[in-house]
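Remarks on the structure that follows.
Throughout, protein chains are lettered first and strands after them, A, B, ... in sequence-line order, and every chain is numbered starting at 1.
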Amino acid sequence: MLGVFVGMANYWLMKSEPGEFSIDDLKARPSKTEPWDGVRNYQARNMMRDEMKPGDQVFFYHSACEEPGIVGVMKIAGKPYPDPTAFDPEDKHFDPKSDRDNPRWFLVDVKFVRKLKRTISLTELKEHDALAEMVLVRRGNRLSVMPVSESDWKYILALE
DNA sequence: GCCAACGTTGGC
DNA sequence: GCCAACGTTGGC
């Protein structure tokens, strides 16, 4: 089902818990860029490694917080590369099965574009029949990285 | 904190 | 290859 979008999508959505890393944290970075590390799901990895291209636009989504929803826009800042946190035994995302000769996990750098004027909450997104096919609102989906169709992207920005 | 809906692991 | 047990995500 994801394959319908992947390959043609130039729009994405990426989740982060704001207590860990928020849109304001990204904005505050001197370079306004950040490596999107720690993703340990194969579908999400495959999208980052195989499908994302520099310049693609991304919704920043706050999850596991008071008001889950889309809070900003960022863009892919470079090509994918191996996630260095997988190699660090001290890191909470360390994976002994990933090594530098044969890396298992990949990431991309993302760059801040702008904050939305307001949070477009998950609750609100679910209220729009036009977005019913969106991966984000499909039942049971927990992917932290997902494609967004061009029509959904434009529809959501028009809600702002 | 609860729990549904996953994904992963490992015994067989 | 099956599937039970376990771990994680993330909304509520």
**Asked** Once the angle between the rings of A/Trp36 and A/Phe21 is folded into 0 to 90°, is it parallel (under 30°), tilted (30 to 60°) or perpendicular (over 60°)?
**Response**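 Perpendicular: the ring planes of A/Trp36 and A/Phe21 meet at over 60°.
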**Message:** Taking NZ in A/Lys154 as the centre, count heavy atoms belonging to other residues, nucleotides or ligands within less than 6.0 Å. Is the count above 12?
**Reply:**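 Counting other residues, nucleotides and ligands, NZ of A/Lys154 stays at 12 neighbours or fewer.
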**Contact interval (first through last nucleotide) of DNA chain B with protein chain A, 4.0 Å heavy-atom** =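 Contact boundaries, 5' end first: B/dA5 to B/dT9.
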**Request:** Using the side chain to side chain donor-acceptor pair (under 3.5 Å) rule, collect all pairs that involve residues 90-102 of chain A, keeping only residues at least two apart or in two chains.
**Result:** A/Asp95-A/Trp105
**Prompt:** Heavy atoms, side chains only, cut-off 4.5 Å: are A/Glu133 and A/Asp152 in contact?
**Reply:** no
**Asked** Between A/Glu34 and A/Lys27, is there a salt bridge with N-O shorter than 4.0 Å?
**Response**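 Answer for the salt bridge query: no.
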